[in-house]
Amino acid sequence: MAEKPWDGRFAEKTDKRVEAFTASHAYDRRLYPYDIAGSIAHCKMLAKVGVITGEEVAQLVEGLGTVKRELDHGKFVFDDSLEDIHMHIEARLLQVAGKVAQKLHTARSRNDQIALDVRMYLREETRCTIGLLRALRKALVELAAAHPDVIMPGYTHTQRAQPVLMAHHLMAYYEMFTRDQARMVDCLGRIDVMPLGTAALAGTTYPIDRAYVAELLDFPAVSNNSMDAVSDRDFAMEFLSAASISMVHLSRLSEELVLWSTAEFGFVTLPDAFATGSSIMPQKKNPDIPEIVRGKTGRVVGSLVALLTLMKSLPMAYNRDMQEDKEPLFDAVDTLTACLSINADMIPRIIVNRETMRRAASVGFLNATDMADYLVGRGMPFRKAHACVGKAVAFALDKGKELHELTLDELKGFSSLIQEDLYEHLTLEHMVDRRQSVGGTSTRNVVAAIDAARRVLAGEEA
Ligand code: ARG
């Protein structure tokens, strides 16, 4: 059993169950690269301000390098008595570098150390998330661009409503994930603040140079208030909020893919490589990826709620409760990145069943609004037109026909304003392309939106 750094004031050994209960190394070990990078920057700074010598910093940096290699190669022994990753690294450093290791923790506390590690970790993961969101947006734009003329039913209340371009539907998701990306970029700005040097909570008596540490670790700013710096987890709550919103978007997309790939809809076929079968029913091809993504949404939202609940009512400054921030955060990061990445890979391979979509858009009176608009265009007030078309719909339903399947004479029975040109007015292409209001589904708008998105993506990649 390793000696504890705080052994001095304790009369008895820590109970084994307490060690197991308080230990966090099983999960916080993933922070080791940041912990070591932070320690290297910290000791370089201590040398710069004259708290340790040049020779000491060289020994510490070399020792930390050795410890890092051991961790990289999985040759590191973990032990509950050393609690967390910080104490493990420091204890091992003592063995490989000798007594000089006892100087590393000068002007530092685990409270600011963990704040630094989590920020460095989350900064990297947030950048990765931003890249994955970009890849997903690109996949959606390219699927839209490859099918510029596919018409499908647009839905409200999951009831067929009006025809839209499938590309328009896909570009709606592009908009959602673009906002998600902006949220991540915004959050990154607040993650990227350097807390080290605030020590336990009050700052330190040593003449430290925090700006130098920030420069070494590539942080654009240092935290303003030492008490805030060790007790702030807003950046993690923000990340989890943004992650939860992204998961909700992914879940909505997944739900549509599950529905669209049913025999009942038949709008899309998922690639075989991204589906699985049944152990009993030989015919089955199941949309497991979207289903699992939909299912995983609860984990990420749960992580957000866990962290919000963890932080609520915590008095200033550091509290050990905050150790519980890591598992939900890590799980949410892993879940979100896996879901984004698999969707970005799957979406380009989705097979679009254009005829099935078109057929669905042709049945169910999706042209009723357009027939009303036709009458409005010929002088009838909209409310009157609405009622008139309602009667035509009831009549057609009774005959088992669509509006455009009624004869001209039958149609004229509802209004003398109706002429032969109504039929052309009610074709899918005309209905879609007349919707030229800003943001509407006309081909012209959608092609422009795709072009604009491609330019935005190319600019982001440059
Ligand atoms: N393992 C701790 C955490 O994750 C590190 C900070 C511990 N500080 C302390 N004084 N016990 O929050």
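Atom set for the values below is all heavy atoms of this structure, side chains included, hydrogens, waters and symmetry mates excluded. Every value quoted in this text rests on a predicted model; they were computed, and no experiment measured them. One-based numbering, in listed order, for ligands and for the atoms of each.
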Exactly one candidate in Trp260, Tyr155, Phe267 meets ring-ring contact (aromatic ring centres under 6.0 Å, His included) with His169; the answer is Trp260

Show the nearest heavy-atom pair for residues Met322 and Lys326, with the distance to one decimal.
O-NZ, 3.7 Å

In order of chain and number, which residues sit within 4.0 Å of ligand 1 by heavy atom?
Ser24, Asp84, His86, Arg110, Asn111, Ile114, Tyr318, Arg320, Gln323, Lys326

Which pairs with one or both residues in residues 197-220 pass salt bridge (Lys or Arg N to Asp or Glu O under 4.0 Å), sequence neighbours excluded?
Lys48-Asp209

Which of Thr441, Thr369, Thr156, Val432 passes side-chain contact (heavy atoms from CB on, under 4.5 Å) with Gln162? It is Thr369

Side-chain donor-acceptor contact under 3.5 Å, Asn353 with Thr269:
yes

Assess the side chains of Tyr318 and Asp112: does a donor N or O sit below 3.5 Å from an acceptor N or O?
no

